[in-house]
J.: 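Below: one structure in C-alpha cells.
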Amino acid sequence: MPHQKVIIGGVIREKVQHNILDIANVVKETVKSSNCSEMLVQSSKTFAANEIRIFECEKTLKKMGVLVTHLGFQLESVKRNMEDVSGVNDQIKAIIKTESGE
C-alpha cells in the first residue's frame with residue numbers, strides 16, 4: 001500500500017504540475033492577446049491622427065497651388081508694366097532729343 005500511495009501521489013503531483021503549466025500558458029496567451037488589442041487600438045488612434053494630418057496637408061498644398069497661380073499672374077503683370085515703363089522711357093528720350101534739337 002505505501003508503494004501505491006507514492007505512485008498515486010507522484011501521478012497526482014505530475015497532473016497538478018501539468019495543470020499549473022497549462023494555466024500559466026493560458027494566462028500568458030491572454031496577456032499577449034490583451035497587449036495585441038491595446039497595440040491595435042493605439043495603432044488605430046495613430047492612423048486616425050495621421051489621416052487628419054494628411055488631410056490638412058492636402059488642404060495646405062491646394063492653398064499653396066492657388067498662391068503660386070496668383071503669383072504667376074502678378075509676375076506677368078509686373079513684366080507688362082516693365083515693358084510699358086521701357087516704352088515711356090523711350091518716348092521721354094525722344095521728346096528730350098526733339099526739344100534739345102530745336
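Note that this is a predicted model, so its numbers are computed, not measured.
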J.: Quick one: pull up NE2 in His18 and CD1 in Ile20 and give me the separation to the nearest 0.5 Å.
T.: 11.5 Å
J.: Can you tell me how far the OG1 atom of Thr46 sits from the CZ atom of Arg53, to the nearest 0.5 Å?
T.: 8.5 Å
J.: Can you get from Phe55 to Phe47 by hopping between Ile, Leu, Val, Met, Phe, Trp and Tyr side chains that sit under 4.5 Å apart?
T.: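 The answer is no; the residues belong to distinct hydrophobic clusters.
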J.: Would Leu71 and Gln74 count as a side chain to side chain contact (heavy atoms under 4.5 Å, CB included) if you check the C-alpha gap in whole Å, the side-chain angles of each, and the deciding distance to 0.1 Å?
T.: CA-CA 5 Å; Leu71 286 172; Gln74 290 177 0; 3.8 Å; yes
J.: Nearest 0.5 Å, what's the CD-NZ distance between Gln42 and Lys45?
T.: 6.0 Å
J.: Yes or no on side chain to side chain contact (heavy atoms under 4.5 Å, CB included) for His70 and Val66, after CA distance, side-chain angles and deciding distance?
T.: CA-CA 6 Å; His70 286 288; Val66 169; 3.3 Å; yes
J.: Roughly how far, to the nearest 0.5 Å, is the SG atom of Cys57 from the CD1 atom of Ile52?
T.: 12.0 Å
J.: Do Glu51 and Ile54 have side chains that get closer than 4.5 Å, going by heavy atoms?
T.: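 Not touching, per the 4.5 Å side-chain cut-off.
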J.: When you measure from the side chain of Thr60 to the backbone N and O of Glu56, does any donor-acceptor pair fall under 3.5 Å?
T.: yes
J.: Under 3.5 Å, is there a donor-acceptor pair between the side chain of Ser86 and the main chain of Met82?
T.: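 Checked: no pair found.
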J.: Could you state the interatomic distance from NZ (Lys28) to CD1 (Ile23), rounded to the nearest 0.5 Å?
T.: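 It comes to 14.5 Å.
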J.: Starting at CD of Gln17, measure out to CG of Asp22 and round the result to the nearest 0.5 Å.
T.: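 Reported to 0.5 Å precision, the distance equals 11.0 Å.
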